[in-house]
Amino acid sequence: MPRIIRIAAAQMGATHLTDPREKTLARMLKLLDSAASQGAQVVLFPETAFTTFFPRHLFLDAAELESWFEHGDIRTAPNTKPLLDKARELSVDICVGFAEATGDGEHFNSCVFYHAKTDSILSRYRKIHLPGDFEPWPDPNAINQLEKRYFKPGDLGWQAFRVSDLITSPPERGDPIFGMMICNDRRWAESWRVLGLQGVEVVLCGYNTAGWAPHLWGTSADQDPAEAERMAIFQHQLVMQANSYTNATFSVSAARCGLDDGKYLLVAGSCITDPEGRIIAQSKTIEDEVIIADCDLDLCRPGKTRTFDFARHRRIEHYGRITSQTGVVEPPKLSEDGNTTTNGAHALVGRGHPLTKEGKKIRILLCNPNATKSMTENCLKMLQSTLPPDVEVDGFTAPEHAPTAIEGNLDNVMSAAAAVKAIVPIADQYDAFLVACYSDHALIRALREELDKPVIGIMEASLFAARTLGNRFGIIATSKRAKVALEDAIRHYGFDGFCAGVVSCGLGVLELETKSEKEVLDIICNVAKDLVAHGVDTLTLGCAGMTKLKSAVEEAVGEDVQVIDGVVTGVHHLVGIVRMGGKTAKAGMYSSSEKQRKARGQNYF
Ligand code: CDT
């Protein structure tokens, strides 16, 4: 008995910022009626289908922003109920995208699969690959995509699910297996493979994809808008076709398209593809339109049992990077002498094989709270040769709008705010955090409050090491002002009884990078020798930007004096604490204010 389902995509044309919700809902009801009259059993609606694509706008007013979200049970909430009622009345299952506000104040870009016969939500998906930015572009003409600002990354994974009552299935195959993803997810092979590994037979994907939007796509503003539109549709259909083929599944995609507000073009290109990667239905307009196809699920069998028989052909022993690494790690560059040099910032510099007891690597995020990437790079370089094989260190550099150096209290606060917002949402991926600014930086305490994983700054770590290895320490500071700030910090950390001096080298943080290496080294080495002459037996380098100078300073002061770099010592301190299972204590100062913030209606992340 063939396993054939008639599936439709309800493409939706322009939806303007000022369109009343009732107008948009009426269009959805009409599309559903039209699809049902053509015999559709399942109808897919686009991403955030009930409203315009609001993440292109900056809303600073919390109530206004909240009005774009759906609250409560989508089956009974007044803004959405009529669509689900109609689906039930027509006995058609639907998948619909919407902005979801949960009962406990979280926000997701979501979709649900509604099963008409049982009036139930069979499955819910929350978009995982959120594109765009947290901050709008400074250019007032830029088209923004503020999904990272308004939504949390999905927390439900990609769960395939079976849908009953669509076909009379032979018992050995069972009911059809569906999976859902939302817009940007379709560009990532990972989303598809996770569903493919659950035997998915139909992937549903609603989308809002801009045409000409140079800031978003990273293309030239001179690009011809018609060419931009063609390219966006080409890339959309390319990923739908290629991933349907490599996972031997049907796929259905529904666009929200057209010229919103007379100026924001979203592309059309809704399509249905078969498991061989062929398009079997596609839209012809950029308006409300139903496309429909009969999907014979048995056509998934050849791919699933031969070319893409995962059980026989996959080689997971070589796929480790896919789940252990986010950014790109290029092979080392070749230098003129044929030796290799190290990679740059955002590189994972761990070397390899999972060796910890649980077979899991320790992952540390080195957090440079300023926006100067080269400093992050230098810190990673310093670390590389010291890391055990089961430790990985990822470099984080604060976003571009953060201060490029931290030379005063204002820089401190601004950099902490920018960095904490970017770090907390990705904190799950790490076991510990090293704040790479040589000061009592505000980011350290902010992270300790928000996370329970261990956090330390390079200054505090260097002082622990200095007390372990020597009796009187000295610090080489950057500016005169930094000297005073470091003296205050030493008192705050409780080490003042052991400090033999903090001496300024008279250089600004960025001068460590811009002045010639020889000039910088001469100055720093003279300060180091001066401190030794005043009785220090351990020297610490008072700026992340001095990390690369360690060996030259060691040579200048001789082997009886220990030179401590806070970056290396900080990482190894954290590794020890992680191996011990240590966590940040929450009984006192480091308890989070999250609950109180939410009660005040504020959520910074
Ligand atoms: N809505 C959505 O996810 N849109 C994205 C825009 C591209 S971001 C580079 C998309 O993948 O179509």
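Counting convention: from 1, in listed order, for ligands and their atoms alike. If you're wondering where the values come from, they're calculated on a predicted model, not measured in any experiment.
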Atom 6 (C) of ligand 1 has as its nearest protein heavy atom Gln145 NE2, 3.7 Å
Which heavy atom of the protein is the closest neighbour of atom 1 (N) of ligand 1, given with residue, atom name and distance?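 For this ligand atom, the closest protein heavy atom is Glu47 OE1, 2.9 Å.
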Determine whether any heavy atom of [X] lies closer than 4.0 Å to an atom of ligand 1.
{"X": "Arg186", "result": "yes"}
{"X": "Lys127", "result": "yes"}
{"X": "Trp217", "result": "yes"}

Out of all atoms in ligand 1, which are within 4.0 Å of some heavy atom of Pro131? Include the element for each.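 Close to Pro131: 2 (C), 3 (O), 5 (C), 8 (S).
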Within 45° of the six-membered ring axis of Tyr207 and under 6.0 Å from that ring's centre, is NZ or CZ of Arg186 located there? yes
Of the backbone atoms (N, CA, C, O) and the side-chain heavy atoms from C-beta on, which set of Glu147 has a member under 4.0 Å from an atom of ligand 1: side chain, backbone, both, or neither?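 Near ligand 1, Glu147 shows its side chain, while the N, CA, C and O stay back.
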Go through it in stages, so that I can follow the logic: the residues are Asp296 and Arg3, the test is salt bridge (charged side-chain N to carboxylate O under 4.0 Å, His left out), and I'd like the CA-CA distance, side-chain angles, deciding distance and then a yes or no. CA-CA 6 Å; Asp296 178 352; Arg3 299 168 76 232; over 6 Å; no
Phe151 and Phe69 aromatic ring geometry - parallel, tilted or perpendicular at 30°/60° bounds: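 Answer is perpendicular, since the angle exceeds 60°.
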Centroid-to-centroid, Tyr264 to His57, below 6.0 Å?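 Aromatic pair counts; centres sit under 6.0 Å.
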Residue that, paired with Phe50, satisfies side chain to side chain contact (heavy atoms under 4.5 Å, CB included) out of Asn79, Leu25, Thr24: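 In the set Asn79, Leu25, Thr24, the residue that makes a side chain to side chain contact (heavy atoms under 4.5 Å, CB included) with Phe50 is Leu25.
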